[in-house]
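Every number for a ligand or one of its atoms is a count from 1 in the order of the listing. Both backbone and side-chain heavy atoms feed into the values below; hydrogens, waters and symmetry mates do not. Just so you know, residue 1 is the first one in the sequence shown, and it goes up from there.
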Amino acid sequence: MVSDGWRTFLLISLALQLLGWVLVIYWSRRNWTYHPISRALQAHVRPPHSNWGSVASSVNTEFRRIDKFATGAPGARAIITDSWVLKVTTYHVYMALQSECHVTVTESRQHQLSPDSPSPTQILTLRVDSINPAARAFYISVNSTEYSELREKLHAPIRSSANVVIHQTISELFLDTFRAQVELNPTYTLPSGQDLEPCIGCMQVLANSKLVTLCHSEDSDSDCQQCFCRPMWCLSCLGRWFASRQDQQRPETWLSSRVPCPTCRARFCILDVCVVTR
Ligand SMILES: [Zn+2]
Ligand SMILES: [Zn+2]
Ligand SMILES: [Zn+2]
């Protein structure tokens with residue numbers, strides 16, 4: 001005996017199967033004219049292209065060139081060829097002609113140095129709009145370090161939202177990690193009678209960092225030395241100095257290494273950097 005539950009299950013599975021075939025047959029009519037990819041291609045049919053097949057072969061030819069820009073994971077790949085901007089996802093292909101599109105940097109996401117990502121990264125989200133009403137707008141993601149390469153390949157105008165700052169070097173990205181780490185350290189209270197002076201690195205802001213050998217309490221074998229300098233550097237300048245003294249090829253070691261104090265050369269680690277308060 002077959003229960004009603006199983007009968008319903010069988011009917012639903014057969015219906016899904018049938019639906020799948022109906023969809024495939026619908027797509028394949030008139031030489032696959034109704035398939036989603038051929039529809040995306042049809043949006044770009046106009047001279048010199050007479051049909052979507054000719055658009056497809058133009059994309060094909062340019063895609064084979066080695067100078068195309070390509071980025072992203074296999075499930076959401078962004079490709080820029082001489083005249084096309086493409087995004088290839090698992091189920092869809094988005095496309096826009098370079099000569100018809102304009103690009104806006106809409107968002108930036110920062111990923112701090114962490115055990116799973118060996119170097120700090122900034123991911124930019126770009127919206128690609130086309131003046132062609134038949135082409136849908138779409139979003140692509142790029143790493144900020146690839147941004148200059150993208151700009152070289154992309155001839156369309158790029159606009160940036162006011163609140164997006166693009167960090168193109170690892171040192172600039174590292175500054176945010178440095179600052180976040182220092183915020184976790186205890187602060188240093190300025191002795192009464194002492195005043196903060198402008199940072200000697202940039203002369204733009206007050207020097208607000210002090211090196212105190214705090215790491216000793218956690219790890220008695222620490223190689224850090226006490227620095228007796230008064231606060232002379234702002235946090236950004238100290239962070240830049242810290243980054244500049246590192247092995248540039250191995251950003252994953254930066255947080256754990258020691259560098260000399262820019263003034264007295266006493267070695268310090270990131271745990272020893274304190275923000276000065278009054
Ligand atoms: Zn400074
Ligand atoms: Zn010092
Ligand atoms: Zn230390």
Side-chain angles (χ1 to χ4, degrees), residues 105 108-122 124 144-145 147-148 160-278:
V105 183
S108 75
R109 268 172 299 133
Q110 200 101 328
H111 296 272
Q112 308 266 315
L113 263 181
S114 74
D116 0 297
S117 66
S119 64
T121 46
Q122 188 190 29
L124 303 171
S144 64
T145 48
Y147 185 68
S148 58
S160 190
S161 305
N163 51 352
V164 178
V165 183
I166 300 165
H167 299 302
Q168 292 183 46
T169 66
I170 290 184
S171 303
E172 276 178 81
L173 283 167
F174 177 75
L175 269 190
D176 285 324
T177 310
F178 183 83
R179 244 184 242 119
Q181 183 61 50
V182 169
E183 309 256 281
L184 302 176
N185 295 345
T187 55
Y188 170 84
T189 313
L190 205 65
S192 57
Q194 204 177 326
D195 256 337
L196 282 182
E197 289 159 36
C199 160
I200 62 172
C202 59
M203 292 290 174
Q204 304 291 310
V205 290
L206 289 178
N208 63 345
S209 65
K210 165 79 183 154
L211 302 174
V212 185
T213 327
L214 290 166
C215 58
H216 275 311
S217 48
E218 292 171 19
D219 166 15
S220 48
D221 311 328
S222 131
D223 292 329
C224 293
Q225 298 152 333
Q226 181 57 52
C227 150
F228 295 100
C229 308
R230 60 190 157 80
M232 293 167 98
W233 303 86
C234 72
L235 215 51
S236 308
C237 286
L238 196 67
R240 264 182 224 115
W241 163 262
F242 195 86
S244 72
R245 299 295 306 228
Q246 310 283 345
D247 182 346
Q248 299 300 312
Q249 303 308 315
R250 298 174 59 214
E252 71 275 14
T253 63
W254 290 12
L255 278 182
S256 57
S257 42
R258 296 189 169 77
V259 307
C261 159
T263 320
C264 71
R265 307 289 147 142
R267 295 177 74 73
F268 70 96
C269 65
I270 200 159
L271 293 173
D272 306 334
V273 184
C274 300
V275 175
V276 176
T277 57
R278 270 188 283 191

Would you confirm whether N185, through its side chain, and V275, through its main-chain N or O, come within 3.5 Å as a donor-acceptor pair? no
Environment of the Zn ion (ligand 2) in terms of protein N/O/S atoms, cut-off under 2.8 Å: C227 SG, C229 SG, C261 SG, C264 SG
Side-chain heavy atoms of V182 within contact of F242, under 4.5 Å: no
What I'd like to find out is whether the side chain of Q225 reaches to under 4.5 Å of the side chain of P260, using heavy atoms alone. no
Got an N, O or S from D223 under 2.8 Å of the Zn ion (ligand 3)? no
Do R230 and L190 have side chains that get closer than 4.5 Å, going by heavy atoms? no
Minimum-distance atom from the Zn ion (ligand 3) among N, O or S atoms of D272: OD2
Okay, side chain of K210, backbone of T187: is any donor-acceptor separation there less than 3.5 Å? no
Between the side chain of R258 and the main-chain N/O of R267, is any donor-acceptor distance below 3.5 Å? no
Angle, SG of C237 through the Zn ion (ligand 1) to SG of C199 - 10° precision: 110°
Could you tell me whether a side-chain N or O of S209 sits under 3.5 Å from a main-chain N or O of W233, the two making a donor and an acceptor? yes
Atom CG in L211, atom OH in Y188: separation rounded to 0.5 Å? 10.5 Å
For the Zn ion (ligand 1), angle spanned by C202 SG and C234 SG (nearest 10°) is 110°
Where the Zn ion (ligand 3) is the vertex, angle from C215 SG to C224 SG to 10°: 110°
